[in-house]
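Before any comments, here is the structure.
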2 protein chains.
Amino acid sequence: MPASVQQGAGQLPISQSFSVAVTGSQDASLNSEVQRFVTQLSRLTGIPFRPKSGPAPTLQIHADHGREAVQKLGEDESYELTITDSGAKLTAPTTLGVLRGLQTFLQLVQITPAGFSVPAVTIKDQPRFPWRGMLIDVSRHFIPIDALKRNLDGMAAVKMNVLHWHLSDDQGFRAESKAFPKLTGMGSDSMFYTQDEIRNFIAYAHDRGIRVMPEFDIPGHSRSWFLGYPELSSGSGPYTLEGGGPGPYIDPIIDPTQESTYKFLEKFIAEMAKLFPDTYFHIGGDEVDGKQWDANPKIQAFIHAHGMKNNQDLQAYFNQRLEKIVAKNHKTMVGWDEILHPDLPKTIVVQSWRGQQSLAAAAKQGYRGLLSFGYYLDLMWPAARHYAVDPMADAAASLTPEEKALILGGESCQWAEWVTPENIDSHIWPRNAVIAERLWSPQNVTDVASMYTRMNAVSLDLEALGLTHRSGRMHMLHRMAGPADITALRVLADVVEPVKDYNRWSDAKGPIDFHAPLTRMIDAVSPESDTARRFGDLVQTFVQSGYKDQAAEAQIRMWLTIWRDNDARLHPLLEQTFLLQEDVPLSQDLSALGMAGLQALDYLDKGQAAPDSWKTPQLALIAQAQKPMADMLLMVVAPVQQLVEASAGQAQHN
Amino acid sequence: MPASVQQGAGQLPISQSFSVAVTGSQDASLNSEVQRFVTQLSRLTGIPFRPKSGPAPTLQIHADHGREAVQKLGEDESYELTITDSGAKLTAPTTLGVLRGLQTFLQLVQITPAGFSVPAVTIKDQPRFPWRGMLIDVSRHFIPIDALKRNLDGMAAVKMNVLHWHLSDDQGFRAESKAFPKLTGMGSDSMFYTQDEIRNFIAYAHDRGIRVMPEFDIPGHSRSWFLGYPELSSGSGPYTLEGGGPGPYIDPIIDPTQESTYKFLEKFIAEMAKLFPDTYFHIGGDEVDGKQWDANPKIQAFIHAHGMKNNQDLQAYFNQRLEKIVAKNHKTMVGWDEILHPDLPKTIVVQSWRGQQSLAAAAKQGYRGLLSFGYYLDLMWPAARHYAVDPMADAAASLTPEEKALILGGESCQWAEWVTPENIDSHIWPRNAVIAERLWSPQNVTDVASMYTRMNAVSLDLEALGLTHRSGRMHMLHRMAGPADITALRVLADVVEPVKDYNRWSDAKGPIDFHAPLTRMIDAVSPESDTARRFGDLVQTFVQSGYKDQAAEAQIRMWLTIWRDNDARLHPLLEQTFLLQEDVPLSQDLSALGMAGLQALDYLDKGQAAPDSWKTPQLALIAQAQKPMADMLLMVVAPVQQLVEASAGQAQHN
């Protein structure tokens with residue numbers, strides 16, 4: 001949603017004669033963006049536009065200035081887009097603003113009874129926050145460049161401007177170092193990006209107005225470094241990758257007390273600082289498990305000798321020395337919450353994963369900050385929950401204007417315990433679009449119904465752009481079903497969601513095998529069920545109408561009937577394939593819920609309170625169906641419960 | 001279906017420990033094929049295989065000899081594949097045979113209650129015909145290399161071994177010539193393949209065991225040559241591309257009477273003969289419209305002077321001179337039916353588009369031949385109809401063994417009047433797989449039910465391989481519907497097919513605009529409706545049971561109910577978008593058919609003959625619904641008619 005939108009009269013048709021003309025400042029990324037814009041407009045409309053020129057272009061583009069060669073934080077992204085029934089004009093102070101405006105134009109494309117068009121409108125737009133990022137973890141599961149590239153396309157479509165590339169962790173080191181080839185040579189299972197690929201990827205991101213900030217997480221989360229360079233660690237090797245060999249898994253960390261560590265980091269960071277042109281350099285710094293420090297007498301002696309109180313002080317010492325190395329390479333250090341320490345210079349940026357409280361605390365001490373708490377896509381929250389998280393809310397709301405100005409924005413986080421190239425898109429999209437809107441649009445843009453309507457439209461456009469969040473699911477369902485028809489399987493898959501937060505972690509017995517297939521139904525389904533949300537809304541409408549809304553009831557009955565009848569159709573298939581056997585109870589419960597809901601409606605229609613003898617077993621069924629099964633939740637339990645309770649005269653009208 | 005299959009006992013599990021070992025002859029294309037095999041096995045099973053070696057590989061591959069650097073017609077493609085519950089062995093005389101055997105292995109992968117596996121089996125296999133091709137026309141609509149490459153992947157999966165690349169026609173010249181740059185410079189609308197792209201594409205095909213035969217269609221179908229080189233034509237220019245400017249469209253053809261034509265062709269063919277390493281070179285030769293020859297006194301005088309009787313004789317003269325040029329470049333000339341003429345040497349190959357009769361006639365005269373009649377994918381026939389066409393049937397059945405040996409095989413043809421990169425896959429797949437089987441498998445493999453079961457499985461595998469025949473349809477339906485839910489739209493789209501044969505051509509008023517969007521429902525739907533076919537089978541089962549099969553009746557009722565209720569859900573959407581308005585009557589008819597079918601079942605259930613007063617309007621409705629609407633056919637009319645007539649006591653039990 002743009003900062004300012006003024007509706008005009010009429011619409012501008014998009015036809016075969018559509019043409020674009022560019023005046024003012026031009027550069028390579030603008031030209032390639034215009035080409036991509038025409039390609040995507042062609043995909044959306046199916047019109048094969050052909051290069052043409054003429055005196056009256058449909059869309060006139062003008063930028064006053066070019067872009068920075070290395071995109072800067074806070075670089076002007078504003079634009080103005082004016083569309084009338086006879087033409088469109090996109091102007092911006094910089095070509096970067098043009099990139100943003102073209103994405104808005106694409107979002108406006110609509111199909112009407114008369115053809116494709118964009119509505120007449122005047123938009124003046126600029127981002128609320130200068131830092132609107134997404135973290136992608138490529139360590140726990142390696143994600144190939146082509147999958148990352150299509151996600152950059154998606155980020156550009158929703159105007160995000162930072163890819164935070166989490167390149168190393170316990171499970172793998174993913175960026176080639178020429179100075180220290182054993183980092184990937186021994187620490188990556190041969191799955192890493194070469195420096196050429198990285199350079200090419202950064203250029204691809206730059207073309208789309210996206211900065212690429214690397215993260216090398218130290219001193220914790222660093223097991224993968226130690227396969228090739230065990231001398232960096234605080235304990236004794238040999239090491240294997242987490243998930244790459246037998247446990248038990250202690251948490252090895254870098255030894256910050258030896259000078260050789262800093263010599264290594266000097267050389268490594270100098271190399272990476274050249275490879276990654278962005279000004280910001282993320283050193284991780286989170287979740288430092290001090291066990292190896294505690295167990296190492298030399299390190300304990302060091303702590304004593306330097307008058308430190310604890311491991312936190314030692315990490316602060318490490319971070320100070322690290323910051324100097326980063327700064328010497330003309331970079332600004334970024335790290336997670338835990339790096340916040342009064343001994344560190346105010347230039348650093350703190351990324352908050354632990355809560356808005358710590359973001360505000362950093363700002364009060366004069367540190368710049370980024371919010372990621374509330375934006376963890378891997379926790380399988382519904383879009384509305386992410387949408388409700390605002391960097392300026394809660395603790396941050398009471399900051400002074402100067403302190404507020406230190407909050408640069410935020411980043412969604414795609415941690416990769418449970419993703420592969422096949423399902424990563426569905427874990428990110430379309431939910432990431434609402435975080436992008438939170439960070440771009442004015443703070444008062446919060447209407448949830450409008451958000452879902454627009455998210456749905458964006459989701460389709462993203463699939464047309466090449467993302468696979470919808471098609472990937474179909475492929476995975478077909479795999480589970482073999483050659484069988486998947487209609488009934490989709491009915492079930494459409495109303496379940498993965499368990500939330502870290503419940504899948506806790507359900508996993510023992511350490512996660514990062515080489516295991518992720519091919520269960522939980523891996524295929526959407527983090528948020530559209531069908532269940534819409535069904536919940538229908539039940540809400542029906543209840544609020546005092547059970548009188550017949551159109552709503554008809555639709556509720558239709559769904560309940562489909563579910564009631566589904567297990568009979570689906571059960572034989574579930575038994576036939578090992579990937580679906582665990583879903584047998586889920587399917588049975590769905591059918592039972594359909595039956596219960598239909599009976600509840602019958603009571604409501606008769607205006608007769610359902611008897612306890614009926615209600616009690618229904619509520620027992622509902623209690624059963626609420627429990628996670630096969631690491632999934634049936635998302636239609638609550639609305640069916642609402643119907644059952646209403647039919648027994650216990651409805652809570654809200 | 002392999003030539004010989006012997007079922008064994010048990011199955012070989014496909015698990016994370018799966019490994020491949022290669023002994024014997026090796027080459028680059030084998031190594032890349034093994035890699036692709038593992039990648040596709042990983043896509044099918046979702047298992048992330050990692051490179052490993054060990055003493056007991058799951059699949060042992062051995063080839064006695066390598067392949068020809070340029071794949072030869074008739075090169076040995078045989079292989080033997082033995083699978084037991086403890087391992088698999090694939091052996092072949094050549095690495096080319098290994099390619100074929102690996103595809104068979106992939107087809108055997110199945111999901112079971114215990115996991116993924118391949119069944120224990122002994123297969124001895126070789127192709128029935130040495131030439132199993134597909135023609136893709138890239139002139140009428142340009143198809144980019146990436147779309148062609150995924151179709152090569154599909155061809156390899158079904159063991160086809162020739163891509164016949166129809167590179168020039170009236171609508172565009174698509175292959176770069178350095179000697180004659182105006183061929184693409186003026187005759188391609190800037191849509192053509194560079195020589196580098198062509199070389200890369202040929203290498204890609206070679207890796208997959210596919211020959212690439214170019215076709216440059218002359219002397220007819222050659223308007224695109226004349227934009228840059230009007231002096232080649234038999235009339236006077238200037239020329240524009242067909243569909244690229246205002247008509248009227250006469251049919252310009254090359255002037256075969258001037259020596260400069262042959263000088264041009266000498267140089268052009270020498271260049272193309274180097275660019276395309278395949279031994280066969282297709283010169284088209286079809287549908288020569290003699291109007292320009294008739295109208296040119298100089299050409300008529302030439303015919304007279306050389307004692308020719310007519311334009312056919314002139315074309316034969318042209319072909320003889322052409323054949324000499326082709327032969328001088330060490331190539332064998334291939335052409336369509338019309339090139340057959342006793343003056344041409346027996347080395348040429350005749351491709352029959354007009355019928356099996358002409359194929360047999362050629363063989364009787366000692367010419368080698370290819371069948372394409374009956375394999376035109378653009379005619380929108382059902383798979384079963386293509387499957388029933390056999391190169392050795394009809395006129396060919398009475399040939400002597402020696403004459404039969406002259407029939408090399410056949411080619412499916414994908415002419416491109418109505419395709420774009422977006423829907424070409426759905427026009428080719430999965431139907432092309434059954435033509436591939438016709439040309440590979442023994443002549444007695446003809447069971448249609450088995451074919452459809454296996455085609456469905458192959459179709460899913462092909463989509464996993466990257467083809468878009470299923471996902472592309474979804475994208476197109478979403479475009480038509482805007483952000484609206486497409487459930488009801490799919491119900492309609494699932495039971496219609498495009499009109500057959502050349503009826504879309506004849507319905508198009510005036511010349512086709514080859515730059516127009518192809519975004520109507522006809523462009524999105526499958527050439528063959530699975531749903532309609534299955535519904536027809538259900539009705540058949542029900543009728544044959546004497547209306548007693550209750551399971552069949554329940555399913556028939558389910559479908560009829562969905563259709564009856566669909567128009568009410570779909571109609572508002574159809575009115576909202578210009579791409580769907582033309583489908584309003586189609587949707588209404590489908591609902592009316594659903595209603596009629598349900599009423600017919602009610603009469604049948606009551607064992608009571610439906611009265612004429614009911615039957616007459618139903619038959620009128622059926623007559624109406626049989627007519628094409630929006631260039632589509634409702635494919636469930638016939639089975640509903642069967643029910644209606646049965647209910648009136650007029651059932652024709654077959």
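We name chains A, B, ... by the order of the sequence lines, and we start the count at 1 in each one. As a basis for the values below, the full set of heavy atoms in this structure was taken, side chains included, without hydrogen atoms, waters or symmetry mates.
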Quick one: does any side-chain atom of A:Arg479 pair with a main-chain N or O of B:Ile111 as donor and acceptor, under 3.5 Å?
no

Which atoms of A:Met480 come close to chain B, meaning under 4.5 Å heavy atom to heavy atom: side chain ones, backbone ones, both, or neither?
backbone

Which portion of A:Ala464 sits near chain B, non-hydrogen atoms under 4.5 angstrom:
both

Considering only residues two or more places apart or on different chains, which pairs with a residue in residues 564-576 of chain B satisfy salt bridge (charged side-chain N to carboxylate O under 4.0 Å, His left out)?
none

Applying side chain to side chain contact (heavy atoms under 4.5 Å, CB included) to A:Phe116 and B:Leu579, what does each step give before you reach the verdict?
CA-CA 9 Å; A:Phe116 285 102; B:Leu579 288 173; 4.0 Å; yes

B:Gly482 backbone acceptor or donor facing A:Gln110 side chain under 3.5 Å
no

Contact check, side chains of B:Gln581 and A:Pro113, non-hydrogen atoms, under 4.5 Å:
yes

For B:Ala457 and A:Pro483 the tightest heavy-atom approach is CB-CB, 4.2 Å

Considering only residues two or more places apart or on different chains, which pairs with a residue in residues 455-466 of chain B satisfy salt bridge (charged side-chain N to carboxylate O under 4.0 Å, His left out)?
none

A:Leu44 portion near chain B, given a 4.5 angstrom heavy-atom threshold:
backbone

Would you name the heavy atoms of B:Glu422 and A:Arg43 that are closest together and state the gap between them?
OE1-O, 4.5 Å

Do A:His475 and B:Arg470 meet the criterion of a side-chain donor-acceptor pair at a distance under 3.5 Å?
no

Winner by heavy-atom pair count (cut-off under 4.5 Å) against chain B, out of A:Ala114, A:Ser42, A:Gly115
A:Gly115

Closest non-hydrogen atoms of A:Gly46 and B:Pro517, given as atom of the first, atom of the second and distance, are O-CB, 3.3 Å

Top contributor to chain B interface from A:Ile47, A:Asp530, A:Thr112 [non-hydrogen pairs under 4.5 Å]:
A:Thr112

Quick check on A:Ser459 against chain B: is it the side chain, the backbone, both or neither that has a heavy atom closer than 4.5 Å?
neither

Report the distance from atom CZ of A:Arg50 to atom NE2 of B:His515, rounding to the nearest 0.5 Å.
3.5 Å

Region of A:Thr420 in contact with chain B, defined by heavy-atom distances below 4.5 Å
neither

Segment of B:Thr453 engaging chain A (4.5 angstrom heavy-atom cut-off):
neither

